[in-house]
Amino acid sequence: MTANLPGPVPTVDLGAEPSPAEKRMTRGRLSRRRLYLRRFLRSKGAVAGLVILGLLVLFAVAGGEFTPYSYSDVDFAALTAPPSPDHILGTDSAGNDTFAQAVHGLQRSLVIAVSVSALTTVISAFVGAVAAYLGGTTEKVVLGIVHFLLVVPSFLILALVSQKAGGDWRVLIVVLTVFGWMYNARVVWALATSLREREYVLAARFMGVGRVRIVLRHLIPNIGSLLVVTFTIGVVATVQGETALSFIGFGVQPPDVSLGTMLNDGADTVSSAPWLFYVPAVLVTLLTVSMALIGDGLRDALDPTSRSGGGA
């Protein structure tokens, strides 16, 4: 009898070139960041908003290079002068160059909006996640404080505090932050409550990981998409809030300038000097619309159930 000997063992060339099918599969795998970016760029509105925001930031940063005047310079020979080669966007009743004031006002409004939105997002994320994870008495106390602050007439307190501070924009950032985090914290708490019993959280707790580390490493990163959208929407809300306060005289005060103060100054001269009102009005509109479009695009890109951003 002849033994059935096995055939030759196939050799594997570890340095062989991948097949075309393997190359296509490798190219088809997208990292999470690239997937989000691709879904974001599919939204024409989001791309348009990003372009508009980029132009506004460029105007705020480099716009001062296109005028020899500072926002505080006074030209007594041109009081409420219409747009001219000397003053591109005209002047106000005090002789201030409108172009220079628009550049500085946009800078100030952007700084306030981005600072307040970033601070409120961080505070709401931490407070909401901690309350959801700890539960029990801590959760009840935190939610009680949040609900109490939500019913406090914050606009009146904002107006009084900012007026007492003389319109200092730094105080305005603090006050807007103090009264701006509660609603977002409530939303974060509701979402984090559904995450605290997930397997990865229970495993971290079983392994003895500290509570703060679990919140920072496991809960908050898993609601990152919500926080990104919250930040963009917060910028819009802050711009509108700061503009409203400055428009009624309770926000940024002269000699400083914001878009709200420019709107306040130009409201009385819409018929006689329309450029004083329409210049800041256009900037406020473009800023809020661009951030709203970016927020919608980010929501669609980060939400896996959204059909607006296209398939994976």
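Side chains included, hydrogens not; waters and symmetry mates left out as well; all remaining heavy atoms used. Numbers for residues simply follow the sequence, beginning at 1.
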Stepwise, does the side-chain contact (heavy atoms from CB on, under 4.5 Å) test hold for V188 with L227? CA-CA 8 Å; V188 170; L227 299 180; 4.0 Å; yes
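- In this structure the side chain of V284 reaches within 4.5 angstrom of the side chain of L263, judged on heavy atoms.
- No donor-acceptor distance shorter than 3.5 angstrom exists from the side chain of T138 to the backbone of L134, with no hydrogens or angles considered.
- In terms of hydrophobic clustering, with Ile, Leu, Val, Met, Phe, Trp and Tyr side chains grouped at heavy-atom distances under 4.5 Å, W189 and L149 are assigned to different clusters.
- No donor-acceptor pair under 3.5 Å is formed between the side chain of R196 and the backbone N or O of V201.
- Judged as a side chain to side chain donor-acceptor pair (under 3.5 Å), the pairs with a partner in residues 97-114 (not counting sequence neighbours) are, in order, H87-D97, H104-D256, R108-D256, S109-E242.
- When all heavy atoms of L259 and A102 are compared, the pair lying nearest together is CD2-O, 4.4 Å.
- Counting heavy atoms from C-beta outward, S272 and T269 have side chains that approach closer than 4.5 Å.
- For the atom pair NZ of K140 and CD1 of I145, the computed distance is 14.5 Å after rounding to the nearest 0.5 Å.
- Counting only distance, with no hydrogens or angles, the side chain of T261 and the backbone of V257 share no donor-acceptor pair below 3.5 Å.
- One distance of note links CG of L119 with CD1 of I173; it measures 7.5 Å at 0.5 Å rounding.
- The closest donor-acceptor contact from the side chain of T91 to the backbone of A78 lies under 3.5 Å.
- Here the closest heavy-atom approach between residue A301 and residue F40 is recorded as CB-N, 3.7 Å.
- Closest non-hydrogen pair, T80 versus A273, comes out as CG2-CB, 3.7 Å.
- The closest donor-acceptor contact from the side chain of S117 to the backbone of V114 lies at 3.5 Å or more, if one exists at all.
- For the residue pair L287 and L53, the shortest heavy atom distance occurs at CD1-CD1, 3.9 Å.
- Taking all atoms of both residues into account, the shortest heavy-atom contact from G297 to A46 is CA-CB, 3.6 Å.
- A 4.5 Å side-chain heavy-atom check between L276 and L89 finds every atom pair outside the cut-off.
- L110 CG to S115 OG: the interatomic distance, rounded to the nearest 0.5 Å, is 10.0 Å.
- Put simply, CG on L176 and CH2 on W169 are 12.5 Å apart, with the number rounded to the nearest 0.5 Å.
- In this structure, N96 CG and S70 OG are separated by 9.0 Å, a value rounded to the nearest 0.5 Å.
- Linking Ile, Leu, Val, Met, Phe, Trp and Tyr residues whenever their side-chain heavy atoms come within less than 4.5 Å leaves L202 and L195 in two separate clusters.
- Hydrophobic clustering (side-chain heavy atoms under 4.5 Å, transitive across Ile, Leu, Val, Met, Phe, Trp, Tyr) keeps V122 apart from I233.
- Heavy atoms from other residues, nucleotides or ligands lying under 6.0 Å from CZ of F66 number 12 at most.
- Judged purely by atom type and a 3.5 angstrom limit, N184 has no side-chain atom pairing as donor or acceptor with the backbone of W181.
- To the nearest 0.5 angstrom, S43 atom OG is 9.0 Å from R299 atom CZ.
- Here the side chains of F126 and L216 are in contact, with some heavy-atom distance below 4.5 Å.
- Taking each heavy atom of V239 and T288 in turn, the nearest pair found is CG1-CG2, 3.9 Å.
- The hydrophobic cluster containing F59 also contains V61, counting ILVMFWY residues as joined when their side-chain heavy atoms lie under 4.5 angstrom apart, directly or transitively.
- Proximity of the aromatic rings of F99 and Y71 is defined here by a centroid distance below 6.0 angstrom, and this criterion is not met.
- Residues I223 and L219 are not in side-chain contact: their nearest non-hydrogen atoms beyond the backbone lie 4.5 Å or more apart.
- The same ILVMFWY cluster, assembled from side-chain heavy atoms under 4.5 Å apart, contains both F148 and V130.
- For the pair T232/L298, a side-chain contact is recorded, criterion being any heavy-atom separation below 4.5 Å from C-beta on.
- Of the residues T238, L50, V236, the one that meets the side chain to side chain contact (heavy atoms under 4.5 Å, CB included) test with M291 is V236.
- Side-chain contact between T120 and M182: absent, with no pair of heavy atoms (C-beta onward) separated by less than 4.5 Å.
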